[in-house]
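Before any comments, here is the structure.
Values in this document were obtained by computation on a predicted structure and should not be read as measured data. Note: hydrogens, waters and symmetry copies are ignored here, and every other heavy atom, side chains too, is used.
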Amino acid sequence: MAIIPWRRGNERWLPEREGEPWLARGETWTGFAPQVDVTETDKDVKVCAEIPGVEAKDIDVSVEDGMLRIRSEKKYEREENEKGQYRMERSYGSFERAIPLPVEVDEAKAKAEFKNGVLRLTLPKRPGAQSRRKKIPVK
């Protein structure tokens with residue numbers, strides 16, 4: 001979840017741009033970024049991403065160096081015969097989400113399903129994969 005800081009003056013509520021701490025390594029701000037949930041079970045890592053307004057054929061999913069990458073583009077569609085446009089709140093553009101995975105996964109056995117604007121990924125853990133999460137005691 002991105003933190004949206006308050007800006008003074010004529011500026012609106014805007015997320016900080018590229019290079020700010022809330023962006024994961026390799027991500028850039030394009031105005032559209034799907035919300036994701038990442039969960040880990042004993043057998044796999046599950047990722048659920050909301051990507052409304054795109055088609056399954058236009059989504060690119062890959063795993064590289066412990067990073068899950070989801071890329072696509074939400075295209076702006078407008079009919080030429082439309083009269084005035086009073087309000088535009090939906091975001092459009094290309095995006096890339098880079099999500100660090102908590103464990104090593106077996107990419108060859110990964111499964112992806114896209115239905116009703118929701119991408120669901122199941123990434124089986126590699127046998128003997130250890131969690132990259134390490135609890136640090138606070139004194």
Inset, instruction - For A112, enumerate each residue passing the side-chain contact (heavy atoms from CB on, under 4.5 Å) test, keeping only those at least two apart in sequence or located in another chain. - result: L119, L121
Legend entry - Gap separating the NZ atom of K111 from the CG atom of L123, nearest 0.5 angstrom: 11.5 Å
Legend entry - Side-chain heavy atoms of I51 within contact of I70, under 4.5 Å: yes
Legend entry - Residue list, side-chain contact (heavy atoms from CB on, under 4.5 Å) with E113, at least two apart or on another chain: K115
Inset, instruction - Heavy atoms only: give me the nearest A98-R69 pair and the separation to one decimal. - result: CB-NH1, 3.3 Å
Legend entry - Test item: R97 side-chain N/O and P34 main-chain N/O as donor-acceptor pair under 3.5 Å: yes
Inset, instruction - Can you sort out the partners of T41 under side chain to side chain donor-acceptor pair (under 3.5 Å), two or more places apart, ordered by chain and number? - result: D44
Inset, instruction - Please name all residues satisfying side chain to side chain donor-acceptor pair (under 3.5 Å) with R71, sequence neighbours left out, ordered by chain then number. - result: D60, E96
Legend entry - Pairwise side chain to side chain donor-acceptor pair (under 3.5 Å) hits with a residue in residues 119-129, at least two apart: E40-K125, E107-R126
Inset, instruction - Measure the NZ-OG distance between K57 and S72 for me, rounded to the nearest 0.5 Å. - result: 9.5 Å
